[in-house]
Amino acid sequence: MKKIFAIALALVMVLSMASAFAFCAGEYDWACYTDVCKYGKLKVEIVPFVRSNDACATLSNFVQSDCAAAVVNERVYYGIKLTVDEDVNADWYAYLKNSGSVKVEFTNVSASQGGTEAADATLTLPAFSAVEDGGVFWYAGAGVWDKDKDFDAAKHVSEKYVIKTAAKICAVVKAKNEFVSAVIGDYTVSKVNDKEYKFEADGKTAWVHLDSDYKVEYVDLSDAPTAHIYTYNAAKTGFQRGNDVLKFTCDAWGEFLKGIFDYFKIDFGTCMTPDAVNANFGWDDEIENCYTWSKNAMAVVDSECVVAIPKTGDASVLAWLF
């Protein structure tokens, strides 16, 4: 049961931390309101620790434990863990680092015994060069993050004093960016206005125009920006432009435009509302991970010590009774 619960919990955590942002590598969805690209590029976790004797019972160690509990006026221990996907996008990460926020929020815990509730703390993320290949990192304070292999409890485990029950610490990641321009795949995509978007690649440019309902109405090409393309030719082997046909193959401009339509999964009549554009090309993320310490803590006892009524007939029963 414990394994089943752990798997279920992990699944819930993954789903709850899902987020919508750009660079979906072809996974575009142009419903009139879309919430596409539900996967995280990084997560920040609060990891609870408890003290434990070392193998020789001469020193105390810190051990990760989801069974950690809180006692008022006593300390709780935690680490801040950063997990970055190996394909984290540079633009998204730069925006998060420079314009978003990564905060640790404290509830019912203090930096000192008997003190007031600790103020929220803002974390500085590592440089992109340190995380671009992905990995796991632990916060050591003052903007320093160390790789998982270099974990050291003395550096990476922090403490707070419990003010009252329901002690909780959360890591909250926020990044919201209304789409303006970005390099996506082989294309540079730019917003001219809510009804016009520009696509550039290989020295060519196409302007996609939307109608009053935010649906793709026509396309202009940089070599003939006044000859609008409204549809395909009758055989659907190319784009009709006046009396000319820009074929999907054997015509550079036809291939260019077909590449845009195929890669971004758009077509004449495709609905591209501002919300849909931002969901596909921008991002609006809020990723939260919290740990709440159990209030069911007891005095320090030997976990193997069990106090029970002796069995009937046990020689010690009379001693237990009297």
With side chains defined as the heavy atoms from C-beta onward, is the minimum distance between [X] and [Y] less than 4.5 Å?
X	Y	answer
Leu125	Val102	yes
Gln240	Tyr230	no
Glu74	Val162	no
Val88	Phe128	yes
Ile266	Ile260	yes
Val104	Ile169	yes
His228	Val219	no
Val44	Tyr139	no

Separation of Trp253 CH2 from Arg241 CZ (nearest 0.5 Å):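 It is 9.0 Å, given to the nearest 0.5 Å.
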CD on Glu117 to NZ on Lys164, rounded to 0.5 Å: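 Separation between the atoms: 8.0 Å.
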Qualifying residue, where the test is side-chain contact (heavy atoms from CB on, under 4.5 Å) with Leu257 and the options are Ile229, Asp251, Asp262, Leu246: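 Single pass found, and it is Ile229.
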Evaluate whether atom [atom1] of [X] has more than 12 neighbouring non-hydrogen atoms of other residues, nucleotides or ligands under 6.0 angstrom away.
X	atom1	answer
Asp202	CG	no
Lys97	NZ	yes
Lys174	NZ	no
Lys195	NZ	yes

Salt bridge flag under 4.0 Å for residues Asp194 and Lys191: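 Yes, this pair counts.
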Worked check of side-chain hydrogen bond (donor to acceptor under 3.5 Å, both in side chains) between Asn98 and Tyr93: CA-CA 8 Å; Asn98 299 320; Tyr93 189 86; over 6 Å; no
Any donor-acceptor N/O pair, Asn233 side chain to Gly238 backbone, under 3.5 Å: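 A pair under 3.5 Å: yes.
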Main-chain N/O of Lys103 paired with Ser101 side-chain donor or acceptor, under 3.5 Å: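 Side chain of Ser101 to backbone of Lys103, a donor-acceptor pair under 3.5 Å: no, none is there.
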Proximity of [X] and [Y] rings by center, below 6.0 Å:
X	Y	answer
Phe179	Phe281	yes
Phe199	Phe256	no
Phe49	Phe151	yes
Phe239	Tyr218	no

In one Ile/Leu/Val/Met/Phe/Trp/Tyr side-chain cluster, 4.5 Å: Leu42, Val131: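 Same cluster.
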Tyr214 side chain to Asp275 side chain, donor-acceptor N/O pair below 3.5 angstrom: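 Judged by distance alone, the side chains do not pair up.
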Tyr263 and Tyr187 aromatic ring geometry - parallel, tilted or perpendicular at 30°/60° bounds: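 Ring orientation, 0 to 90° scale: tilted.
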Phe62: which of Tyr77, Trp138, Tyr78 passes ring-ring contact (aromatic ring centres under 6.0 Å, His included):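 Testing Phe62 for a ring-ring contact (aromatic ring centres under 6.0 Å, His included) against Tyr77, Trp138, Tyr78 leaves exactly one candidate, Tyr77.
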Ring-face cation contact, Phe106 with Lys160, 6.0 Å cut, 45° max: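 Satisfied, under 6.0 Å and within 45°.
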